[in-house]
4 protein chains.
Amino acid sequence: MPVRDLGWSDGLFESGFGHEPVARAVGWPARVARMVEVEAALARALGRVGLAPPDAVASILQACDIERLDLGALAHEASRSATPVIPLVRALSELASDEGAAHLHQGATSQDIVDTAVMLQVREALVLIEEDLFGLAERLAELADRHRHDVVAGRTLGQQAAPVSFGLQAARWLGATDRHLERVRALRSTTLAVQFGGVVGTLAAYGELGLHVVTAVANELALAEPDLPWHAERDRIVEIAGGLMGVATTAGTIATDLVLGAQTEVGELQPTTGTGPTSSALPHKRNPVDAVAARAASHLAVGELQTLLSVTAGHEQERASGAWQAEWVALPSALVRTAGALRRLRAAVDGMHLDAGRARRNLDEHYGLTGTEALATALSFHLGRPEAQRVAGRVAAAAASSGVALREAAVGDREVADVLSGDDLAEALDPLGASGTIDALVDRALATHRGVRAAESQ
Amino acid sequence: MPVRDLGWSDGLFESGFGHEPVARAVGWPARVARMVEVEAALARALGRVGLAPPDAVASILQACDIERLDLGALAHEASRSATPVIPLVRALSELASDEGAAHLHQGATSQDIVDTAVMLQVREALVLIEEDLFGLAERLAELADRHRHDVVAGRTLGQQAAPVSFGLQAARWLGATDRHLERVRALRSTTLAVQFGGVVGTLAAYGELGLHVVTAVANELALAEPDLPWHAERDRIVEIAGGLMGVATTAGTIATDLVLGAQTEVGELQPTTGTGPTSSALPHKRNPVDAVAARAASHLAVGELQTLLSVTAGHEQERASGAWQAEWVALPSALVRTAGALRRLRAAVDGMHLDAGRARRNLDEHYGLTGTEALATALSFHLGRPEAQRVAGRVAAAAASSGVALREAAVGDREVADVLSGDDLAEALDPLGASGTIDALVDRALATHRGVRAAESQ
Amino acid sequence: MPVRDLGWSDGLFESGFGHEPVARAVGWPARVARMVEVEAALARALGRVGLAPPDAVASILQACDIERLDLGALAHEASRSATPVIPLVRALSELASDEGAAHLHQGATSQDIVDTAVMLQVREALVLIEEDLFGLAERLAELADRHRHDVVAGRTLGQQAAPVSFGLQAARWLGATDRHLERVRALRSTTLAVQFGGVVGTLAAYGELGLHVVTAVANELALAEPDLPWHAERDRIVEIAGGLMGVATTAGTIATDLVLGAQTEVGELQPTTGTGPTSSALPHKRNPVDAVAARAASHLAVGELQTLLSVTAGHEQERASGAWQAEWVALPSALVRTAGALRRLRAAVDGMHLDAGRARRNLDEHYGLTGTEALATALSFHLGRPEAQRVAGRVAAAAASSGVALREAAVGDREVADVLSGDDLAEALDPLGASGTIDALVDRALATHRGVRAAESQ
Amino acid sequence: MPVRDLGWSDGLFESGFGHEPVARAVGWPARVARMVEVEAALARALGRVGLAPPDAVASILQACDIERLDLGALAHEASRSATPVIPLVRALSELASDEGAAHLHQGATSQDIVDTAVMLQVREALVLIEEDLFGLAERLAELADRHRHDVVAGRTLGQQAAPVSFGLQAARWLGATDRHLERVRALRSTTLAVQFGGVVGTLAAYGELGLHVVTAVANELALAEPDLPWHAERDRIVEIAGGLMGVATTAGTIATDLVLGAQTEVGELQPTTGTGPTSSALPHKRNPVDAVAARAASHLAVGELQTLLSVTAGHEQERASGAWQAEWVALPSALVRTAGALRRLRAAVDGMHLDAGRARRNLDEHYGLTGTEALATALSFHLGRPEAQRVAGRVAAAAASSGVALREAAVGDREVADVLSGDDLAEALDPLGASGTIDALVDRALATHRGVRAAESQ
């Protein structure tokens with residue numbers, strides 16, 4: 001079968017684990033469009049500071065039309081030049097007047113155009129990622145509020161440890177999501193800076209006007225103006241990657257909790273959508289498809305972000321011979337994968353519901369275990385902590401070996417009965433005994449989220 | 001500028017750092033084609049062992065026609081099922097007779113089909129990688145032989161240390177390339193195994209015929225038959241990734257040497273092709289474009305292989321919920337990136353020539369340094385090593401401080417003159433003094449390569 | 001609290017996640033000991049080929065006494081030289097006669113000594129890793145055989161899918177473990193090669209005797225002799241890292257399965273040892289401590305192996321300025337972490353037992369799900385596959401909605417009853433219906449293991 | 001040679017690539033000391049909110065004495081419990097009164113103690129890292145100012161491209177260093193938060209006083225108080241790792257430039273210290289030892305930070321079974337390695353000087369290349385850019401082919417002579433023609449640094 005003739009497409013891969021709008025924002029066509037935008041901004045800046053006459057500027061702006069470029073040919077030629085800017089400038093020159101061509105790209109270097117275009121792409125991708133973070137946070141806020149008193153087992157090392165509420169779990173996720181949202185906003189407003197320095201970062205071609213050109217380009221594009229060109233100083237890229245890494249790892253963490261909560265033997269967190277076409281052989285199997293895909297995408301995103309971070313160390317001298325070019329692929333890919341993880345996680349959270357009854361039964365079946373700490377606490381006010389822990393441990397062991405519930409064993413225990421009444425015990429062993437603090441914690445997360453929402457709507 | 005409407009394409013990225021034939025071999029269309037091929041092989045296997053009637057088999061084989069499938073729709077549906085096999089089987093069923101549909105995919109699980117299809121894709125990609133490894137090795141063998149006596153400076157920690165020949169450098173690269181070629185061949189012949197176990201690896205649906213089905217499928221596809229299904233045992237994937245990692249890191253290493261050798265101040269290894277359109281501003285700049293691109297692709301390949309390796313640890317139970325799905329993207333991507341690094345490196349080596357005169361001048365200008373060891377060795381036969389080293393060090397220091405060549409300083413040194421004649425010195429300080437051993441080492445690499453070539457032509 | 005005065009020790013870290021014998025084999029003291037061993041081997045080799053007189057060799061061998069070296073001082077000085085060999089050779093010279101000192105280290109370069117010493121360290125570490133792999137395999141073989149008919153739920157994406165036996169699961173793990181054992185053996189016997197080339201790999205200091213010196217050193221140390229020196233060709237290191245990666249990822253995979261099987265709601269795989277001191281607050285909590293530690297160590301090992309792999313790409317020219325030195329840390333650390341993951345996994349497997357009753361109950365409680373495929377297969381011989389799947393799906397849905405077991409629902413279903421008797425159903429829905437094939441698969445793994453054991457005892 | 005008996009020590013590795021004060025701050029003894037400090041802070045907090053009587057608090061504080069603990073035994077026991085806190089609390093209990101023991105660790109969980117202790121360790125390590133960043137920045141500021149007009153070749157893809165000054169290069173490095181300093185300060189003041197939630201994050205054991213306990217503990221330790229416990233939300237760890245990653249990658253980048261500048265054929269940046277004992281065989285070889293070690297440490301740091309980042313994705317439920325424990329090793333190791341890279345880089349920068357004469361000669365020898373852009377710019381004011389580029393390119397080609405300097409060729413060129421006088425040409429081709437802008441850029445970096453210094457001295 002001549003599969004080589006079928007063409008390449010990342011089909012499944014992209015549609016399953018990526019994020020189409022982000023892919024469009026950071027892909028090659030958008031890269032060209034953004035580079036054209038930067039060349040246009042430079043032309044306007046040159047005009048503003050008096051380095052290019054109005055006619056030249058007008059001609060350049062007219063030439064800067066993505067529709068008139070052959071993107072495939074540009075890609076092909078770019079791969080022969082180690083930079084996409086050389087063929088781009090040649091193509092635009094052919095569309096401009098002689099005077100326009102004379103001032104096109106004046107004083108700039110390839111890396112100025114590419115890095116600044118990348119900043120514009122990152123900005124658009126971050127806006128889209130913020131939208132998904134906000135949508136996820138909104139849903140989590142709703143879950144946190146609604147389920148604040150729906151008891152589920154808290155689990156450490158996979159073992160039931162003590163009761164918690166699903167609302168508090170959602171509030172924890174909400175907290176992380178809102179913090180990421182604030183970090184992404186901060187990235188967008190302070191980290192994204194214009195790159196402009198000319199061939200070796202001295203702005204040599206502009207005489208005394210170099211800094212004015214940079215300021216004008218930054219203003220045109222609404223990007224920050226850095227102290228110095230940053231051709232080889234990639235700390236901004238590290239900051240962006242660090243911010244994305246938080247999103248990607250949080251997506252993996254929450255998705256893992258969803259997969260674990262959906263296990264056949266746990267069944268607390270049921271996927272209601274995104275479970276795919278039911279298998280004909282296993283018609284009742286409800287796979288947590290979105291959560292699984294989010295985990296996969298998180299793995300991919302973390303991996304690509306690690307790649308991106310590692311290449312930031314390799315930018316030697318005034319332009320890197322390999323590390324910079326690797327960023328051209330790794331940064332867009334990392335953005336798409338991170339956004340993909342977030343998108344699938346959001347779908348998984350949207351399409352999931354708590355089976356509160358099942359959660360409670362899971363807890364009750366093993367409550368000999370998870371109530372022991374609460375019993376010891378209740379006893380400690382009467383017996384002191386060491387004695388209380390000894391008694392609680394003994395009662396729990398008795399309950400476990402005889403197969404009765406912890407409360408039942410406690411009620412019948414003489415040492416317990418000496419200090420705690422049946423009502424005391426009922427109160428102490430109420431899985432929702434900590435609900436006051438849980439409420440306060442959930443409220444904190446919701447209050448923070450209201451602040452985040454207020455900022456979002458501005 | 002509504003760049004979101006421009007569509008996504010990895011344009012530049014793919015054409016610049018990837019490998020189109022490998023991309024075609026491992027992409028989504030080929031994935032579907034290979035899955036169809038596996039379903040067809042299963043049908044034939046079922047027929048052979050008597051689990052499916054000839055008519056059913058014939059109907060399935062007729063339905064197994066990649067041309068009749070809507071690849072985009074399959075990708076879309078696949079992303080909703082956490083497996084591409086469910087929509088594929090449904091689509092094929094609609095193309096088959098009822099009897100064919102009844103036996104299509106019988107007893108198999110999604111992972112059987114996907115993993116086996118991946119093995120077929122990997123096999124085709126490895127063949128292509130072998131071709132480039134062989135082409136590279138052929139060129140390196142030619143360079144090793146031709147330049148075996150062309151002296152260049154050997155450099156440690158970036159400092160000239162002692163003379164070596166470019167032929168020996170090429171022979172070292174050849175050795176690594178040939179070893180990789182043999183490893184890739186071994187992977188192809190022993191590591192690629194059919195995956196077949198049914199839903200949880202028990203072959204339960206085939207009664208007593210399970211192992212016969214596996215054998216028949218393996219024979220149909222010319223893949224190895226494993227002891228057991230390996231749904232969660234990814235050591236074969238680790239082996240493949242390990243083999244590719246060697247190729248990717250060697251590509252990065254050689255490419256780095258080419259970039260270093262092409263530096264303005266070194267200029268020994270001149271790029272003759274692949275230097276891109278000359279910059280209008282910097283017309284004489286000859287960028288080693290292919291070597292730079294190979295370094296970039298090597299970074300990307302190493303990163304993706306690290307991602308692939310790390311997910312192989314996450315295959316829990318009878319099918320992983322995230323790690324397996326991440327492999328769907330990471331393995332093809334790692335193959336394309338590794339092949340891309342190799343392809344650009346091959347182009348860089350093809351399009352490079354040694355400037356032997358420049359290399360010799362580089363050495364001569366600093367030969368006070370690199371000849372000191374040779375001087376000490378020559379003196380040691382007369383003075384013993386400690387005394388010889390003391391004298392050689394003194395002479396070298398004198399040469400350095402007075403700016404004369406080491407030989408000149410040595411000829412005029414009394415302690416040296418006492419034991420070494422001018423002819424002795426000329427012989428001792430001949431940068432090619434070690435040429436006997438260099439010849440032997442180069443011959444070893446060439447002999448190994450002849451064995452590799454003989455195996456290739458079989 | 002002046003914690004800076006407390007000194008540094010990796011205390012917990014090493015004892016918890018590492019492997020003390022491997023740490024001793026690959027640490028700094030052993031590194032010095034091995035470097036001394038290499039210098040001694042070189043002296044003997046020089047004597048053998050006639051480049052050093054017997055007295056000099058004898059003096060060097062007498063000086064090569066690790067007990068007389070100040071390891072701390074060597075470490076301190078080494079950090080100032082970018083190589084530990086310069087201070088080592090100086091220290092050894094002071095212990096040798098003048099004649100011995102004159103021939104000590106003759107013609108060698110630092111990297112010859114370090115890389116060859118590392119090969120010796122790796123060999124010792126691999127022997128220890130093989131011991132643990134073999135011990136683990138022995139235990140898994142026992143589990144595979146003993147539990148071949150103990151039914152547990154097979155799970156895909158965390159969902160019960162169909163019955164399997166614990167013995168088959170153990171057989172799968174055994175298969176991977178035995179394959180790793182064979183790979184590690186192969187590494188030890190074929191990959192570990194002497195490094196010997198002199199300052200730039202030309203063996204220049206030995207005149208025509210260079211290759212004879214290499215052969216003699218290789219023979220002395222029982223290491224393979226490579227075609228060429230490999231100062232910058234690190235494919236052997238990649239091979240070693242690839243082999244270790246398989247061990248590390250398999251350890252993580254099995255440990256994850258143990259943690260999942262020990263979850264409160266699953267409880268099939270119970271830790272019996274290594275659960276640590278019981279918490280006073282949670283006396284019944286049985287944490288799967290060894291499995292958790294194995295997962296942690298696997299994470300650390302995979303990470304360090306990735307680091308090691310990535311630096312193998314950075315060996316420029318005749319000696320790397322950074323990548324090689326990073327290997328000095330990354331390779332020992334990766335060995336210790338990999339061995340640590342394996343050691344903790346082995347402890348976890350040793351200290352775990354199957355709760356077969358609980359496993360069966362887990363399956364029975366959800367068998368409406370996992371039996372559906374078996375029901376459909378039984379029906380298909382009478383109704384054809386599409387019809388069989390329709391009926392099986394309908395029965396399973398009815399069972400689920402009415403809360404009865406699948407067999408009960410099937411017995412009462414008219415369409416089923418038309419073709420399958422009660423006995424037929426009992427046989428079809430027997431979770432051990434596939435036991436014939438399971439037996440065969442387990443036997444395959446055991447047979448392979450017998451071959452591995454036979455090779456081990458040689 | 002029984003090397004297994006030599007004991008394990010990371011001797012060379014630590015002393016060569018690590019940072020002893022940071023190692024002391026983050027090692028196991030300090031970990032225990034910090035955990036004791038957290039237990040003491042909890043006792044005081046319990047006393048303050050009225051949950052523990054003064055005598056109990058006093059007894060606990062008296063018991064909290066690191067000197068009385070057996071650190072080795074604690075490490076040993078910790079490895080059996082999957083947490084170091086259980087044996088620590090037992091050991092402290094034995095040192096306290098019964099009443100003290102009853103309130104020791106009351107309501108806390110192991111992860112509260114460990115994570116909070118880690119925050120204290122990170123804080124101390126960050127202070128030390130800040131010191132080195134500040135020291136490095138001070139030195140770079142000095143270099144930037146002193147060498148602002150010392151011309152060196154700017155190099156892109158390893159090729160000389162245009163003149164720049166070493167002062168501007170140092171200013172670029174200074175900018176990155178100062179930004180990292182500000183990021184590390186921000187981490188220290190806002191990211192480091194107390195972890196306190198009790199076994200599953202509900203603060204259940206404190207009744208209504210839970211949040212007051214958290215506030216009191218945070219105040220005692222001068223750490224931030226988070227909205228919610230963050231047992232499984234590791235975004236703070238991601239932030240810390242992201243900040244360190246910037247430091248580690250910048251260290252690698254600058255160190256690479258130092259190694260490249262010290263190459264025999266370049267020789268602009270000469271190591272004056274830290275070149276190690278001179279090799280007896282190669283007495284004039286001046287290896288840039290510190291820069292090489294910084295590159296190695298940077299590789300190691302980036303790798304360990306990647307490991308740390310990847311495990312942050314694996315924190316399931318209320319406590320991770322593997323990922324958290326891996327952090328115990330990966331975070332301290334990443335801090336030591338990052339600090340080590342920075343320390344060696346600082347030493348490399350301190351012990352390096354610019355050979356300004358050599359730098360100028362390097363430029364002059366190839367100035368036909370690097371002056372072409374300047375010539376074209378000068379011509380463009382008279383001829384327009386396209387024509388100017390054509391002429392400049394022609395002159396440069398003529399200069400290159402005839403082996404004369406660009407200025408010489410230009411002076412003799414008729415088209416040039418028509419528009420530019422000899423003085424014009426001298427001015428245009430002055431490598432310091434851009435010095436106005438260079439001055440302004442350097443001044444910007446110095447001004448920012450003055451702000452950073454002012455903040456440091458507060």
Side-chain angles (χ1 to χ4, degrees), chain A residues 98 101-103 154-158 161-162 164 171-172 175-176 179 199-200 202-205 208 210-211 227-228 232-233 235 238 242 245-246 249-250 252-253 256-257 260 298 302 306 309-310 312-313 315-319 321 373 377 384-386 433-434 436-438 440-441 444-445 448, chain D residues 98 101-103 154-158 161-162 164 171-172 175-176 179 199-200 202-205 208 210-211 227-228 232-233 235 238 242 245-246 249-250 252-253 256-257 260 298 302 306 309-310 312-313 315-319 321 373 377 384-386 433-434 436-438 440-441 444-445 448:
Chain A
D98 283 357
H103 288 280
R155 296 172 179 94
T156 60
L157 311 190
V164 66
R172 291 197 286 108
R179 287 192 294 277
V199 64
V200 291
T202 59
L203 297 158
E208 300 300 306
L211 295 181
D227 268 7
L228 289 89
E233 282 69 48
D235 53 290
V238 174
M245 186 65 86
T249 58
T250 290
T253 300
T256 298
D257 281 357
L260 291 174
S298 170
V302 168
Q306 289 177 314
L309 286 166
S310 73
T312 63
H315 287 256
E316 72 271 23
Q317 299 174 332
E318 273 69 31
R319 184 175 310 161
S321 52
E373 190 201 25
T377 298
R385 279 188 81 235
T437 305
I438 287 176
L441 291 169
R444 278 185 174 190
T448 294
Chain D
D98 283 357
H103 288 279
R155 296 173 178 94
T156 60
L157 311 191
V164 66
R172 292 196 286 107
R179 288 193 294 276
V199 64
V200 291
T202 59
L203 297 158
E208 300 299 307
L211 295 181
D227 268 7
L228 288 90
E233 281 71 47
D235 51 291
V238 174
M245 186 66 86
T249 58
T250 290
T253 300
T256 298
D257 281 356
L260 291 174
S298 171
V302 169
Q306 288 177 315
L309 286 166
S310 72
T312 63
H315 287 257
E316 71 272 23
Q317 299 175 332
E318 272 70 30
R319 184 176 310 162
S321 51
E373 189 199 25
T377 298
R385 279 188 81 235
T437 304
I438 287 176
L441 291 169
R444 277 185 174 190
T448 294

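Quick note on labels: first sequence line is chain A, next is B, and so on, each numbered from 1.
Between A/R179 and D/D235 a salt bridge is recorded (basic side-chain N to carboxylate O distance below 4.0 Å).
Chain A forms more heavy-atom pairs under 4.5 Å with one residue of D/T256, D/T377, D/L228 than with any other, namely D/L228. Comparing D/T448, D/D98, D/V302, D/L441 by how many heavy-atom pairs each has under 4.5 Å with chain A, the most go to D/L441. The greatest number of non-hydrogen atom pairs below 4.5 Å with chain A, out of D/S298, D/S310, D/G158, is found for D/S310. No other option in D/L309, D/T250, D/T249 has as many heavy-atom pairs under 4.5 Å with chain A as D/T249. With respect to chain A, the highest number of heavy-atom pairs below 4.5 Å among D/G242, D/A102, D/G252, D/G246 belongs to D/A102. Among the candidates D/A176, D/G154, D/A232, the residue making the largest number of heavy-atom pairs closer than 4.5 Å to chain A is D/G154.
For a residue to count as touching a neighbouring chain, one of its non-hydrogen atoms must lie under 4.5 Å from one of that chain's; by this rule A/T312 touches chain D with backbone and side chain alike. With a 4.5 Å cut-off on non-hydrogen atoms, D/S321 touches chain A through its backbone and its side chain both. If you measure heavy-atom distances from D/T253 to chain A, the contacts under 4.5 Å come from both the backbone and the side chain. Of the atoms belonging to A/D227, heavy atoms from both backbone and side chain fall under 4.5 Å from chain D. The contact between A/V238 and chain D is made entirely by side chain atoms (from C-beta outward), counting heavy-atom distances below 4.5 Å. In this structure, the portions of D/V164 lying under 4.5 Å from any heavy atom of chain A include both its backbone and its side chain. Both the backbone and the side chain of D/R155 come within contact range of chain A, with heavy atoms under 4.5 Å apart.
The closest side-chain heavy-atom distance from D/M245 to D/Q306 is below 4.5 Å. Residues A/L203 and A/L211 form a side-chain contact, since some pair of their non-hydrogen atoms from C-beta on lies under 4.5 Å apart.
In terms of modelled atom types and a separation under 3.5 Å, the side chain of D/D257 and the main chain of A/E316 share no donor-acceptor contact. For D/Q317 (side chain) and A/T156 (main-chain N/O), no donor-acceptor pair under 3.5 Å exists by modelled atom type.
Here A/R172 contributes atom CZ and D/E318 contributes atom CD; the two are 4.5 Å apart, rounded to the nearest 0.5 Å.
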